[in-house]
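Residue numbers start at 1 and run along the sequence shown. Just so we're clear, the structure is a prediction, and the values are computed from it rather than from any experiment. Every number for a ligand or one of its atoms is a count from 1 in the order of the listing.
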Amino acid sequence: MATANKNLSQYDKATIPDASKFRFGIVVSEWNDSITENLYQGAYDALIENGVLPSNIIRWNVPGSFELVYGCKKMQDRMVNAIIAIGSVIQGETKHFDFVCEAVSQGIKDLNVKGETPVIFCVLTDNTLQQAKDRAGGKHGNKGTEAAIAAIKMAELRKNS
Ligand SMILES: Nc1c(NC[C@H](O)[C@H](O)[C@H](O)CO)[nH]c(=O)[nH]c1=O
Ligand SMILES: CC(=O)[C@@H](O)COP(=O)(O)O
């Protein structure tokens, strides 16, 4: 189902595990920070709404989405139950968009394969700034909220596995 047909901020609270004992790392790209700050706020608010203590949320910033992979790799060395990687990649004039998106998605996939701490892919890859705005608290909701819920569910899966 395309994002246009759902709201990224909607979830059934009854299906969310108790997150009060979990610790989360959030690594945030500074590129397109008008978007990434909205994504972070959506993720932070959803974690708090589901019982996570503010002191159990660790935030690090990285320059761009390409550096999310390194930042999340180092975050995996910390005592957190799950990690959220937040970025916004927007198509420019060149093929650079393709290389950044590929590197980040493959890199975060690799961290999930090789590491013990789940890393949630909260990286928007949009054709336009408007598409990014629509998915970072706009008409399609907030991808950060969706990512926080995924992080809680994956932390619970890791605990029970
Ligand atoms: N164009 C975007 C970038 N580009 C920067 C790279 O992510 C990286 O920081 C640079 O190549 C140095 O290694 N990053 C984004 O997050 N979003 C963009 O739209
Ligand atoms: C995703 C990017 O790196 C891109 O926004 C950079 O813009 P350009 O392709 O015009 O250099």
Side-chain angles (χ1 to χ4, degrees), residues 1-11 22-49 52 54 56-78 80-155:
M1 175 187 288
T3 299
N5 301 321
K6 73 192 295 288
N7 186 302
L8 296 165
S9 298
Q10 288 177 349
Y11 62 91
F22 289 148
R23 286 169 50 83
F24 294 92
I26 306 181
V27 184
V28 185
S29 163
E30 295 169 339
W31 251 83
N32 298 319
D33 60 356
S34 64
I35 301 299
T36 60
E37 288 303 324
N38 281 4
L39 294 172
Y40 172 78
Q41 200 58 55
Y44 181 88
D45 291 347
L47 292 175
I48 298 297
E49 284 162 13
V52 179
N56 282 341
I57 299 173
I58 305 171
R59 172 178 171 163
W60 290 347
N61 292 345
V62 294
S65 290
F66 187 86
E67 285 75 33
L68 285 172
V69 179
Y70 180 84
C72 291
K73 183 185 79 169
K74 300 305 287 183
M75 184 67 80
Q76 284 186 318
D77 296 339
R78 297 299 181 97
V80 295
N81 299 95
I83 298 164
I84 302 171
I86 291 179
S88 169
V89 192
I90 298 175
Q91 178 65 62
E93 296 175 351
T94 72
K95 289 173 64 68
H96 198 239
F97 171 88
D98 300 330
F99 292 100
V100 171
C101 292
E102 178 73 9
V104 177
S105 57
Q106 292 299 319
I108 289 173
K109 177 267 290 178
D110 291 343
L111 292 176
N112 280 287
V113 171
K114 298 171 183 172
E116 282 305 311
T117 306
V119 183
I120 307 304
F121 186 72
C122 186
V123 180
L124 294 178
T125 54
D126 299 295
N127 297 309
T128 64
L129 177 59
Q130 187 58 52
Q131 285 181 349
K133 288 178 177 177
D134 291 345
R135 290 155 176 79
K139 67 181 180 180
H140 295 319
N142 193 319
K143 189 88 173 166
T145 305
E146 179 196 56
I149 300 306
I152 292 170
K153 291 179 176 179
M154 291 308 291

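- Checking only distances, Q91 never comes within under 3.5 Å of ligand 2, N or O to N or O.
- With Q41 contributing its side chain and N38 its backbone, the two residues share no donor-acceptor pair below 3.5 Å.
- Annotation: atom 10 (O) of ligand 2 to nearest protein heavy atom, E93 N, 2.8 Å.
- In terms of protein heavy atoms, atom 11 (O) of ligand 2 is closest to T94 OG1, 3.7 Å.
- Of the protein's heavy atoms, W31 CE2, 3.6 Å lies nearest to atom 4 (N) of ligand 1.
- A donor-acceptor pair is defined here as one N or O able to donate and one able to accept, closer than 3.5 Å; no such pair exists between the side chain of T36 and the backbone of V28.
- When atom types are taken as modelled, the side chain of S29 and the backbone of G87 share no donor-acceptor pair closer than 3.5 angstrom.
- The protein heavy atom nearest to atom 6 (C) of ligand 2 is H96 ND1, 4.2 Å.
- Among the atoms of P63, none of the N or O lies under 3.5 angstrom from an N or O of ligand 1.
- Taken to the nearest 0.5 Å, the CG atom of D126 stands 9.5 Å off from the NZ atom of K143.
- Using a 4.0 Å cutoff on heavy atoms, H96 counts as a contact of ligand 1.
- The ligand atoms of ligand 2 that sit less than 4.0 angstrom from a heavy atom of F97 are 1 (C).
- Regarding atom 16 (O) of ligand 1, its nearest protein heavy-atom neighbour is S65 OG, 2.7 Å.
- Atoms of ligand 1 lying under 4.0 Å from at least one heavy atom of N32, given by number and element, are 17 (N), 18 (C), 19 (O).
- Here the straight-line distance linking atom NZ of K133 with atom CG of N32 works out to 11.0 Å at 0.5 Å rounding.
- Distance check: I35 CD1 to I90 CD1 gives 5.5 Å after rounding to the nearest 0.5 Å.
- Among all non-hydrogen protein atoms, the one lying nearest atom 6 (C) of ligand 1 is F66 CB, 3.9 Å.
- Of all heavy-atom pairs between F22 and N81, the closest is CA-OD1, 3.2 Å.
- Atom numbering of ligand 2 starts at 1 in the shown order; those under 4.0 Å from a heavy atom of I90 are 1 (C), 4 (C), 5 (O).
- Under the 4.0 angstrom criterion for non-hydrogen atoms, S29 is in contact with ligand 1.
- Not one N or O of K95 is nearer than 3.5 Å to an N or O of ligand 2, by distance alone.
- In the model, Q130 has a side-chain atom that pairs as donor or acceptor with a side-chain atom of D134 under 3.5 Å.
- Ionic pairing of E102 and K109 is not present here: no N-O contact between side-chain nitrogen and carboxylate oxygen is shorter than 4.0 angstrom.
- Remark: ligand 1 atoms within the under-4.0 Å shell around heavy atoms of I90 are 19 (O).
- Formation of a donor-acceptor pair under 3.5 Å by the E49 side chain with backbone atoms of V52 is not found in this model.
- In the displayed structure, F121 atom CZ is contacted under 6.0 Å by more than 12 heavy atoms of other residues, nucleotides or ligands.
- Short contacts between ligand 1 and S88, defined as distances under 4.0 Å to a heavy atom of the residue, involve ligand atoms 15 (C), 16 (O), 17 (N), 18 (C), 19 (O).
- Residue V89 touches ligand 2 through its side chain alone, judged by heavy-atom distances below 4.0 Å.
- In this structure, D45 CG and N142 CG are separated by 8.5 Å, a value rounded to the nearest 0.5 Å.
- If you check which protein heavy atom lies closest to atom 10 (C) of ligand 1, you get E67 OE2, 4.2 Å.
- Ranking the protein heavy atoms by distance from atom 7 (O) of ligand 2 puts G92 CA, 3.7 Å first.
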